[in-house]
Amino acid sequence: MIEVYAFATPNSVRVPIALEELGLAYELKPINVRKGEQKLPDYLAINPNGKVPLLIDSDGPDGEPITVSESGAILVYLAEKTGRLLPGDGAGRARVFEQIFFHLTGIGPAFGQLGFFKRQAAEQIPLAIARFQTEAERVLAVLEGVLHERKFVAGDQFTIADIVHFGWLWRREFAGIDFERTPNIARWYGEIDARPAVKRAIEKVTALVPAT
Ligand SMILES: N[C@@H](CCC(=O)N[C@@H](CS)C(=O)NCC(=O)O)C(=O)O
């Protein structure tokens, strides 16, 4: 059995998307980050980093249970467990990891910080907003260039790198970002968003948010 601790967040959504794409059964366990449930002692005991997502696979390598945090690592774990969504050749893998690291060290932090300083910070700090706005637009333009050349972010095939990028682009409104000046990202996003597995995953994580 695979259990996924998650909420309707950019980093969480990647894991159910991958599981739906791979056709693996899983149980979603809500961790309401708006209420701070990710910092409660019971959760910190299984994920000391106090963030979602987290995956627990009772049938891990050598039949032993395994707990994996970090959405990028979880997607690589699932791809290697199934032998899917990650090319087998060195060059193909390098392209996938290049995009995953680019997202997780570039796009994700820029969007997250921009959204925080625009929408959540107690004080409006123009320098911080300008810095992360510029950086978010810059990395988005880099991805636009990639998708001008390629159908999917790492080449001709849909891979876990597409799922990693999708997370924050799905939640782009938080950062106040749109696709007005990035037609190739818009084309790619529309294709990913239309995949039945992606639709199922979004529906399931959205249902984790209690009605207010
Ligand atoms: N690098 C981590 C980031 C995880 C992360 O920042 N998750 C957010 C939700 S998208 C979270 O748990 N935020 C609550 C908090 O930081 O306290 C990953 O990719 O899994």
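Only a predicted model underlies this, so the values are computations on that prediction, with no experimental measurement involved. Note that ligands are numbered from 1 as they come in the structure, with each ligand's atoms numbered from 1 the same way.
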Look only at interatomic distance and state if [X] has a nitrogen or oxygen under 3.5 Å from any nitrogen or oxygen of ligand 1.
X   : value
T9  : no
K39 : yes
G72 : no

Output yes when a side-chain donor or acceptor of R14 lies under 3.5 Å from a complementary backbone atom of P53, and no otherwise.
-> no

Could you check [atom] against the protein and tell me its nearest heavy-atom contact, residue, atom and distance included?
atom                    : result
atom 3 (C) of ligand 1  : N11 ND2, 3.6 Å
atom 2 (C) of ligand 1  : E70 OE1, 3.1 Å
atom 7 (N) of ligand 1  : V52 O, 2.8 Å
atom 16 (O) of ligand 1 : K51 NZ, 2.6 Å
atom 14 (C) of ligand 1 : Q38 NE2, 3.3 Å

Is the shortest distance from a heavy atom of P53 to ligand 1 less than 4.0 Å?
->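 The answer is yes, since P53 has a heavy atom less than 4.0 Å from ligand 1.
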
Just jot down the ligand 1 atoms closer than 4.0 angstrom to any heavy atom of S71, in number order.
-> 18 (C), 19 (O), 20 (O)

Examine the side chains of E144 and N184 and answer whether a donor and an acceptor come within less than 3.5 Å of each other.
->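 Per modelled atom types, E144 and N184 side chains form a pair under 3.5 Å.
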
Does the distance from a Lys or Arg side-chain N to an Asp or Glu carboxylate O, for E98 and R95, drop under 4.0 Å?
-> yes

Heavy atoms, side chains only, cut-off 4.5 Å: are L86 and R93 in contact?
->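 Yes; the side chains approach each other to less than 4.5 Å.
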
Is there a side-chain contact between F102 and V146, using heavy atoms and a 4.5 Å cut-off?
-> no

Can you label the angle between the F174 ring and the W168 ring as parallel, tilted or perpendicular, going by 30° and 60°?
-> tilted

Parallel, tilted or perpendicular: rings of F101 and F97 (30°, 60°) = tilted

